[in-house]
Amino acid sequence: MGIISQIVFTAVFLGAIAYFILQAKKLYKFIHIGKPLDRSDNKAQRIKLMRRIAFGQSKMFTNVPVAVLHFILYVSFIIINIWVAEIVIDGIFGTDHVLKVLGGFYDVVMAIGDTLAVLTVITCAIFLIRRNILKVKRFSGREMTKFPRTDANLILIFEIVIMLAFIFMNAGYIQRCESAGQQYAGMYPFSSLIAKAISGMSTEQAHIFEHVNWWVHILGILLFLNYLPKSKHIHIVLAFFNVYYSRLTPKGKLSTMPEITDQVKAMVDPSHTPADMPERLGVREVQDLSWKAILDAYTCTECGRCTSVCPANITGKLLSPRKIMMDIRDTVEVSGENLLKSIDYHENTSLLDRISHEELWACTTCNACVEACPVNIDHVTSIVDMRRHLVMERSEAPAALNTMMSNIENNGAPWAFPPSDRFAWADGLDIPTMADLTAQGKTPEVLFWVGCAGSFDDRYKRVTRSFAQILKAANIQFAVLGLEETCTGDPAKRAGNEFLAQMQAMMNIQTMNNYGVKRVVTACPHCFNTIKNEYPELGGNYEVMHHSEFINELFKTGKIAVKDGAFQGKKITFHDSCYLGRANEVYEAPREVLQQLDADLVEMKRSKQNGLCCGAGGAQMFKEAEKGNKEINIERTEEALSLQPDIIASACPFCMTMMTDGVKKKKFENESIQTQVFDIAELIAQAELITK
Amino acid sequence: MKIIVCVSCVPDTTTKPTFIENNSKLNEQGVQFIVNPYDEYSLARAVALRDANPGSKITVITVGEASTEQNIRKALAAGADEAIRINAKPINAQYVAKQIAHVLKEIGFDIIFTGKESIDYNGGITGNLIATELDIPYTHSVTSLEVSGNEAKMEREIEGGKEVVKSSLPMVLGSQKGIGEPIIPNMMGIAKARTKPLTVKEPIAVEIPTLLVTHELPKPKGAGKFFKAEGNVQDAVNQLIESLSKEAKTI
Amino acid sequence: MSVLVYLDSANGALRKTAYEAVAYATHLGQEVIALAIGNIENTQSLADMGKYGASKVYHINDEKLKTFANAAYASVIAQAAKELNCKTIVFSASSIGGVIAPRAAVKLNAGLLSDINVLPKVENGQLIVGKTVFSGKANATFSLSGEYNVISVRPNTVKPSETGSPVNVETLNISAGETDFRAVAEAILKTSDKISLTEADIIVSGGRGMKGPENFYLIENLAEVLGAAVGASRAAVDAGWRPHSQQVGQTGKTVSPTMYIAVGISGAIQHLAGMGTSKVIVAINKDPEAPIFKVADYGIIGDAFEVVPALTEALKAYKQKIS
């Protein structure tokens, strides 16, 4: 290396680093356009999470072949830093393979690096083929045009060029030494093969060859470094931070808006004077997002795993969770500079200029996207935050949801049923209420929270009665709230009406706290999720169980049993409720309960963490589906029916409705279908009857 | 413009009414009261009218006991500027009309919105009675309203069609669905409603020669005759026609 | 003492509701005096009121009263009641009579009840009348004890029948005050409704089960065969499939036809409220557990898309056979 070369390199290197630092600073500032959000808690847990999901790439390994290929790139990204360090030192000081002093270790590192370089080239080629020739579906979509498409290909080509240059550089180095009769440092299982191909080169020629490729390689890397902040590829850096700052609460828990709690308190207690209402509720502009939501968007590498599992997207609806992230990032990109000057800047800041109401209202809040994201992006929070804006600030909910919300307000249930009928399911069953028991001076072990579907929906009332029957058979001292129960607020909250949701929560918490309720069991995963995860912040702390967990416990403690072979020979498949499964990670309890039936349990391809939503969550139950090419429940029913089960078991009133309707529709097309839909409690109660 | 919106608080539409005191009174226990839906349409149109006419004010007026204030606040949250509650149980339409007319004579009015009926006693006459007490015109079942200067042009629903009605102000109208989409209050509205003025006035003594004597629930129906179409639609249809012609004699 | 009955008219002709009001008034046990206002082209139709129970028919044909104005009509009727010594005044609770009645009541300081749907009684000199309340969820009985009492009768409450013979029509000269014309009708806009819902003898209604506006031709075809009006549930109206003028139920129209056919309507309480007083209810629904079957007299459990066309064809054949 000549001194001029050294000076040039040093200048280029420092310039590239400086420019990268500038860009990184800007990125940091852009991310912090977002509102404050405290994620400084639970450091140990966060480090563990980062180790597993970011370093260990655990979420990638749901698809092993792709995960292995991606892992190759990931490892070479790490290892590359070692030889880049050497290149930089050589470049600045004019040394030659300075790290060879490491001896045997150097051999190992270079051998691994050489191998990885080849594997990287192969992997990138495979990835290019997947994108451009095989056209893997998740890489397409209406948001994947123009820059996003070019960006992806550009990165792969970049990596190929950098790695090829590395291989050629090493080959040149080997040939330079060989032709000069010197021993080269390091081991190069693949580059040495290339060296053989250029063995005709003189020392001088090989040196030039090496030198040119050295420059291509390092300039490629420096260019790549500075391309990163402008590209989706920045995930290689941000992924670690994004995972570290993940939301640690159960996926089903939506945040509690304290400014709304303040208003709700003033409604409940006129002596409470609330603070002035903030002008902005929910999210409309990028500056309304939290910094974490913006970090999510910048971390997104547009892999499309979220969109490929999104029930709305699968059925042809406009929503693509990936697009939401890309829209957030693009909006920050165009307005960021101005927003840094003044947070009151409002041009091109509105996310709703890019994200349509139709997209937002298509979300079932099933959290499949969140589950699928390898870097823990939280799409649902941003979607719900935008809904909150539409509903609470703009009163722009779909008409059907307005009806649902006024029903909750007027008659305490999302459907228009007379409140006086809430306890009618129990007619003739001798079900004790909290009021009765309290009057008798008794305290039940557990409160059975029936829920609106369990109280009013004719189909689900049968589930309610079955579960009550099980509780009685197990001699559990339970009670219900009867007419004092009212909607938990779940559909209102998911529809973005935090105010109504909290009003409902406050009422229910007051009722339950007055009775000193400690334990709650419910057959509705939506009630379960709300009471368990969202009531504590509002003063309602209970041990909450879903009926699947409760029944499972009854079996385990021997309080109930079923006759052997009750369902022998019957094929049962269990459909996971999103609010039980992904939202609260209860996967095994309902399955263990079903195992008691001696039936043939079969799993759908999309089950447990990967279960497909029935289509009713996130207040979808109460509105028409957005435009698409298929109903979600039909997609799910078809999957279940493909197993030809005798029974589809569910554990959620909304799933029950959607699957029953789906089966009905399919029966219409094919009369030979005999499949029935039952709740797990019904199945146990049926089996139970046989034993008595 | 002085815009008045008369609001009635009625049992929620899901209510299954029961009665007490020898069936003379509605059993209000467990009954959720809401703003009469037709009054919500009124309010929606009134808000648009107010916003289109700077300097206008909407006064919501109701006859009801203190428990109605929750619903009055909802009307304020939806955009009304102030409210008056006449502190009395709304005995019947004639009573309510006299109370409201009395207060309106004091405070003045240009356009008075009422619902075409309230969904409790379904009289459909209160607006007309107020108009008559105030000796101003009334138009019933109005589905659209345009006001220019001292004149209003309205469409009202009649059997088999619509009638275009022209009226001078001041006037009373009875709103039908279509005149305005009910306003879903936003949070700002809800927060502001808390501090908007709500005046309570005592009722005047009036005598009404109409008395509600008793209520009764409709007799439950016996089980009907149902035919299954599954398998043979034609059979089911023929059986139905047979029943309708021979037993029910409706065809 | 006599009963004064206002005869609904529109476009120069008496309406069906005029006959019903007269028929209802005959149940009050007093002489029935009928009064028409405005232009009636067929004067014989006025004389024919005698057939339905009127013993006298008056006609006020003031030029100024040609077009309907509720205030003007009300003050004229109130004066007529005084002049003719009628203490009870009967209207139809239609869009005409229904808006005159309260106005006349104030002029006469009368007892008042609107939208009555049961026959009257007189007990201890008090007029006892009843109506459905809470949009059909309950019935209520009222006593009217004014010197004058004004009532309006819901369409379809009584069936007029010919019992007497035509009477002479006398002209009455009463005119309205100037201020009574501050609200006047300018024009009538016809909607596509062929038969008005509230007056129809038979109604065929469709609900959410119709799946979309494009399928309502099935309902219309069935209605046409039956000479029925077309109605809709709130779900169908809220979805924008049908105009609000066709909505049956609470916050829509309360109807009591002789026969109500509900197709693809589950029967939410608000809908039942609006049609529960129908004399015969027929339900066509896939779901045997739909609440509509709890109030239906007859029904077919099946898919509307199969049942309705079959029913329409069978009714066509049946009508041809009996005619």
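Chain letters run A, B, ... following the sequence lines, proteins first and then strands; every chain starts at 1. As a basis for the values below, the full set of heavy atoms in this structure was taken, side chains included, without hydrogen atoms, waters or symmetry mates.
Within the 3.5 Å criterion, the main-chain N or O of C:Ser135 finds a donor-acceptor partner in the side chain of B:Asn122. For the pair C:Lys131 (side chain) and B:Tyr121 (backbone), a donor-acceptor distance under 3.5 Å is present.
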- Start with the C-alpha gap between C:Asp303 and B:Glu230, add the side-chain angles, then the distance that decides, and say whether side chain to side chain contact (heavy atoms under 4.5 Å, CB included) holds. CA-CA 8 Å; C:Asp303 185 37; B:Glu230 202 178 310; over 6 Å; no
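Rounded to the nearest 0.5 angstrom, C:Phe134 CZ and B:Ser118 OG are separated by 9.0 Å. Between atom OH of residue C:Tyr318 and atom CD of residue B:Glu242 there is a gap of 9.0 Å, rounded to the nearest 0.5 Å. Atoms CD and NZ, on C:Gln247 and B:Lys177 in that order, are 4.0 Å from each other to the nearest 0.5 Å.
For C:Val129, no part lies near chain B; criterion is any non-hydrogen pair under 4.5 Å. For chain B, the nearby parts of C:Ala296 are the backbone and the side chain; heavy atoms of each come within less than 4.5 Å. Contacts of B:Glu155 with chain C are made by side-chain atoms alone, with heavy-atom separations under 4.5 Å and no backbone atom involved.
C:Lys253 has a carboxylate O that lies under 4.0 Å from a charged side-chain N of B:Glu157, or vice versa, which qualifies the two as a salt bridge. A salt bridge is absent between C:Lys137 and B:Asp120; no separation between the charged side-chain nitrogens and carboxylate oxygens falls under 4.0 Å.
Ranked by heavy-atom pairs shorter than 4.5 Å toward chain B, the options C:Lys294, C:His244, C:Lys286, C:Met259 are led by C:His244.
Aromatic rings of B:Phe226 and C:Phe293 (six-membered ring for Trp) have centroids within the 6.0 Å cut-off, being under it.
For the 3.5 Å distance criterion, the side chains of B:Thr13 and C:Gln250 fail to qualify, holding no donor opposite an acceptor.
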